[in-house]
Amino acid sequence: MSETESYTFSDVGGALCLDFVNTVSSHLSEAPNEYMNSYDALLLWGRQKEVISERETAELAGQAKRRPEEAEAALQSALDLRRIIYRVFSAVATEQRVSEEDMQRFNSYLSNALSHVRVVEEEDGFAWGWAPLEGHLNRVLWPVVRSAADLLVSEQLGRVRECGGHDCGWLFVDLSKNHSRRWCSMSDCGNRAKVHRHYYRKQKAVIANQ
């Protein structure tokens, strides 16, 4: 099993679409650490986030082996969608205007995803669901697109933040009581910032005493 196949994807985003954006670390650096580097990795993420069942995961994996070119195309669509969602919510988080082109491209993905929405009957009533797989290798993306659309029109949109860590770029919904969360994770970027501040103060004191 490869490193990616055994990787546990982050859930710090607070929304499915933001967790999807956060499938690459050091997002803003010149050499991002990519974990969505194969169609199998896309399926692994979908299974971990429970947007596809174990049966669907196995079925899609089998179809991908039989149709590798289509699986690669689905992966490239996933990466394209991820870039669009990142730019849209990064603009929101930094109070910038969202690109009209990005919204047009996002709405194109949304139209496709919504064409597969179904109302399904469950034991205790009805619920929103999705059409049968029917060979759709981009099935994992449908709930991601809907999550992004739901967040864009929700009251939580104003709480979307971009991590203040150097080169991080991870996005999250700030659910802290005073809306002051700055880091994707205190144990990661928050701790590095704390260490950096400590080092800076120490160096400043050394220079002052010279």
Side-chain angles (χ1 to χ4, degrees), residues 2-52 57 74-96 98-99 102-103 105-106 109-110 113 138-154 156-176 179-196:
S2 71
E3 180 181 353
T4 298
E5 289 172 332
S6 61
Y7 182 69
T8 300
F9 289 96
S10 169
D11 60 356
V12 304
L16 181 69
C17 59
L18 301 187
D19 284 337
F20 186 68
V21 167
N22 299 341
T23 54
V24 54
S25 60
S26 300
H27 196 97
L28 301 178
S29 72
E30 294 182 359
N33 193 3
E34 177 65 75
Y35 283 98
M36 196 71 75
N37 52 18
S38 69
Y39 185 76
D40 284 343
L42 177 61
L43 292 184
L44 176 64
W45 180 85
R47 185 70 194 102
Q48 287 184 8
K49 300 304 175 182
E50 299 183 346
V51 299
I52 50 175
T57 302
L75 173 63
Q76 293 308 313
S77 291
L79 299 181
D80 179 58
L81 175 63
R82 188 181 65 181
R83 286 188 290 267
I84 294 169
I85 293 176
Y86 168 72
R87 289 196 296 263
V88 168
F89 284 103
S90 177
V92 169
T94 56
E95 299 182 345
Q96 302 295 315
V98 177
S99 161
D102 282 337
M103 285 308 303
R105 292 171 64 189
F106 173 76
Y109 277 105
L110 180 61
N138 61 351
R139 160 70 175 82
V140 178
L141 304 184
W142 302 343
V144 174
V145 177
R146 179 166 178 182
S147 168
D150 286 343
L151 182 56
L152 282 171
V153 300
S154 77
Q156 289 190 335
L157 181 62
R159 296 192 179 189
V160 173
R161 305 283 187 268
E162 188 164 3
C163 179
H166 178 65
D167 284 342
C168 178
W170 275 15
L171 299 170
F172 57 87
V173 178
D174 179 8
L175 297 178
S176 62
H179 305 172
S180 61
R181 180 179 167 188
R182 295 180 58 193
W183 318 109
C184 60
S185 170
M186 277 305 299
S187 62
D188 193 351
C189 287
N191 186 59
R192 282 201 296 268
K194 182 178 179 181
V195 170
H196 178 75

Next item on the list: Ignoring hydrogens and angles, state whether a donor on the side chain of Ser99 or Arg87 is under 3.5 Å from an acceptor on the partner side chain.
Entry: no

Next item on the list: Kindly say whether Trp183 contributes a backbone atom to a donor-acceptor pair with the side chain of Arg181 at under 3.5 angstrom?
Entry: yes

Next item on the list: Could you tell me whether a side-chain N or O of Arg47 sits under 3.5 Å from a main-chain N or O of Ile52, the two making a donor and an acceptor?
Entry: yes

Next item on the list: Measure the acute angle between the ring planes of Tyr35 and Tyr7, then classify it against the limits of 30° and 60° as parallel, tilted or perpendicular.
Entry: parallel

Notebook entry, point to check: Got Tyr109 and Val144 here, is their nearest side-chain heavy-atom distance under 4.5 Å?
Noted result: no

Next item on the list: Give the C-alpha distance, both sets of side-chain angles, the deciding distance and a yes or no for side chain to side chain contact (heavy atoms under 4.5 Å, CB included) between Asp150 and Arg146.
Entry: CA-CA 6 Å; Asp150 286 343; Arg146 179 166 178 182; 3.7 Å; yes

Next item on the list: For Trp170 and Val24, indicate whether the former's side chain and the latter's backbone hold a donor-acceptor pair under 3.5 Å.
Entry: yes

Note to self: Quick check for you: to the nearest 0.5 Å, what is the distance between Leu175 atom CG and Arg161 atom CZ?
What the structure shows: 10.0 Å

Notebook entry, point to check: Which heavy-atom pair separates Asp19 from Gly14 by the least distance, and what is that distance?
Noted result: OD1-N, 4.1 Å

Checklist line | Exercise: identify the closest heavy-atom pair between Phe106 and Ala148 | finding: CE1-CB, 3.6 Å

Check: Shortest non-hydrogen contact from Met36 to Leu75?
Finding: O-CD1, 3.8 Å

Note to self: Would you compute the distance between atom CZ of Arg105 and atom CD1 of Ile85 and round it to the nearest 0.5 angstrom?
What the structure shows: 11.5 Å

Margin query: With side chain to side chain contact (heavy atoms under 4.5 Å, CB included) as the criterion, how do Val88 and Leu152 come out once you've worked through the C-alpha distance, each side chain's angles and the decisive distance to 0.1 Å?
Written below: CA-CA 9 Å; Val88 168; Leu152 282 171; 3.9 Å; yes

Notebook entry, point to check: How long is the gap from OG1 on Thr23 to CG on Asn37, to the nearest 0.5 Å?
Noted result: 10.0 Å

Notebook entry, point to check: Counting only N and O atoms by type, is there a donor-acceptor contact under 3.5 Å from the side chain of Asn22 to the main-chain atoms of Leu18?
Noted result: yes

Notebook entry, point to check: How far apart are the C-alpha atoms of Tyr86 and Glu162, what are their side-chain angles, what is the distance that settles it, and do they pass the side chain to side chain contact (heavy atoms under 4.5 Å, CB included) test?
Noted result: CA-CA 10 Å; Tyr86 168 72; Glu162 188 164 3; 2.6 Å; yes

Check: Sub-3.5 Å donor-acceptor pair from the side chain of Arg159 to the main-chain atoms of Ser176, do we have one?
Finding: no

Check: Taking atom CZ of Arg182 and atom CZ of Phe172, what is their separation to the nearest 0.5 Å?
Finding: 10.0 Å

Checklist line | Steps toward side chain to side chain contact (heavy atoms under 4.5 Å, CB included) verdict (Val92, Leu157) | finding: CA-CA 8 Å; Val92 169; Leu157 181 62; 3.6 Å; yes

Check: To the nearest 0.5 Å, how far apart are CZ in Phe89 and CG in Leu151?
Finding: 4.0 Å

Margin query: Can you give me the closest heavy-atom contact between Gly46 and Val140, atom names plus distance?
Written below: CA-CG1, 4.0 Å

Check: Would you find a donor on one side and an acceptor on the other, under 3.5 Å apart, between the side chain of Asp167 and the backbone of Ser26?
Finding: no

Checklist line | Nearest-0.5 Å distance that lies between atom OG in Ser90 and atom CG in Asp102 | finding: 10.5 Å

Margin query: Could you report the tightest heavy-atom contact between Ser147 and Cys17, atom names first, then the distance?
Written below: OG-N, 3.0 Å

Check: Are the side chain of Gln156 and the backbone N or O of Val173 linked by a donor-acceptor pair below 3.5 Å?
Finding: no

Margin query: Which heavy atom of Ala78 sits nearest to which heavy atom of Leu141, and what is that distance?
Written below: CB-CD2, 3.6 Å

